[in-house]
Amino acid sequence: MDVLSSRILLRPSDLDRSRRFYRDLLGLAIYREFGPPDDPGLVFFLGQGLLEVAGHGAGRPGRAVMIWIQVRDVHAEHARLAAAGVPVVREPAAEPWGLTEMWIEDPDGIRIVLVEVPAGHPLRRDPRSALPPGRRTRCRITARSTERGGLAPALPEPVADAQIRTRRALGVASPATA
């Protein structure tokens, strides 16, 4: 499988409470917001991965956590996985938000969403193809010193600015001043 990106999907019972927990208490930086402005879903940076907190969980608690994997060709993966005997919960289908998704489950029942992002969709990107051979990333690891003298990863300026604006609007102290 040629994985382009992935994230953990969390569908909480109380979206607002979970947004406040991950954004304000844990202080995770926001990668993107989507959906209605009065009740947005948030995707957070989570180390080398992403955590999406959106929607509302229904049914068994195990359905509140899913794995999201972006692939190049969801139809090819469907054919390959079905031929290998992997139970397909839902065949590939075009979603209203512009992605093509199919669902499978791991042996313990954890839902895995395989996603193809069509050309022209805002999520479409695969920086590996534009890199010189042997180079896996465009990013350079940088650090900034904190008031405690340790090192913390530097946030991209738009993310840092958005996080500061969000904290100010909510009246929450930033981690550096708390």
Side-chain angles (χ1 to χ4, degrees), residues 1-37 39-57 61-74 77 89-90 92 95-106 108 110-131 135-144 151-167 170 172 174-175:
M1 181 178 303
D2 192 10
V3 177
L4 302 178
S5 72
S6 64
R7 65 180 69 168
I8 298 169
L9 305 178
L10 177 61
R11 303 294 182 245
S13 59
D14 183 334
L15 178 58
D16 189 52
R17 179 183 65 192
S18 292
R19 276 192 303 247
R20 288 192 315 264
F21 175 80
Y22 288 102
R23 178 189 59 214
D24 306 332
L25 297 177
L26 292 185
L28 297 182
I30 297 171
Y31 170 67
R32 72 183 282 262
E33 293 185 33
F34 62 94
D39 197 25
L42 299 176
V43 179
F44 296 97
F45 287 104
L46 193 61
Q48 294 293 327
L50 298 170
L51 170 66
E52 178 179 311
V53 179
H56 300 278
R63 293 287 184 248
V65 176
M66 294 173 271
I67 299 171
W68 186 95
I69 301 174
Q70 180 185 350
V71 298
R72 287 189 190 281
D73 185 341
V74 74
E77 290 302 327
V89 176
R90 192 177 128 222
E95 300 292 350
W97 45 88
L99 303 177
T100 304
E101 297 183 359
M102 71 173 277
W103 302 346
I104 59 175
E105 287 183 349
D106 79 357
D108 292 316
I110 300 295
R111 180 79 37 99
I112 300 171
V113 184
L114 298 180
V115 180
E116 181 179 333
V117 181
H121 191 282
L123 291 178
R124 181 70 166 206
R125 67 184 173 121
D126 182 5
R128 295 177 300 178
S129 60
L131 297 175
R135 184 139 178 233
R136 301 292 294 168
T137 181
R138 226 178 266 255
C139 301
R140 288 183 306 157
I141 304 296
T142 61
R144 61 177 167 83
L151 295 177
L155 295 174
E157 287 301 319
V159 173
D161 292 344
Q163 192 174 33
I164 290 167
R165 284 193 304 278
T166 301
R167 289 179 183 284
L170 295 171
V172 177
S174 69

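Since the model is a prediction, treat every value here as computed from it, not as a measurement.
With sequence neighbours left out, the salt bridge (Lys or Arg N to Asp or Glu O under 4.0 Å) criterion links Asp14 to no other residue. Legend: residues meeting salt bridge (Lys or Arg N to Asp or Glu O under 4.0 Å) with Glu77, ordered by chain and number and at least two apart, are Arg80. For Arg7, the salt bridge (Lys or Arg N to Asp or Glu O under 4.0 Å) partners two or more places apart in sequence, or in a different chain, are Glu52.
A distance of 8.5 Å separates CD in Glu33 from CZ in Phe44, rounded to the nearest 0.5 Å. To the nearest 0.5 Å, atom CD1 of residue Ile67 and atom CD of residue Glu105 are 11.5 Å apart. Interatomic distance, Ile112 CD1 to Met66 CE, rounded to the nearest 0.5 Å: 11.5 Å. Summarising the geometry, atom CG belonging to Leu51 is positioned 5.5 Å from atom OH belonging to Tyr22; distances are rounded to the nearest 0.5 Å.
The shortest heavy-atom contact between Glu116 and Val74 is OE1-N, 2.9 Å. Taking each heavy atom of Leu15 and Asp39 in turn, the nearest pair found is CD2-OD1, 3.5 Å.
Using a 30° and 60° split on the angle between ring planes, Tyr31 and Phe45 fall in the perpendicular class, above 60°.
In this structure, the side chain of Arg17 does not engage the main chain of Pro12 through any donor-acceptor pair within 3.5 Å.
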* Determine, stepwise, if the pair Arg111 / Glu101 fulfils salt bridge (charged side-chain N to carboxylate O under 4.0 Å, His left out). => CA-CA 12 Å; Arg111 180 79 37 99; Glu101 297 183 359; over 6 Å; no
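Side-chain contact between Trp68 and Leu50: absent, with no pair of heavy atoms (C-beta onward) separated by less than 4.5 Å.
In summary, the side chains of Gln70 and Ser5 do present a donor paired with an acceptor at a separation below 3.5 Å, with no hydrogens or angles considered.
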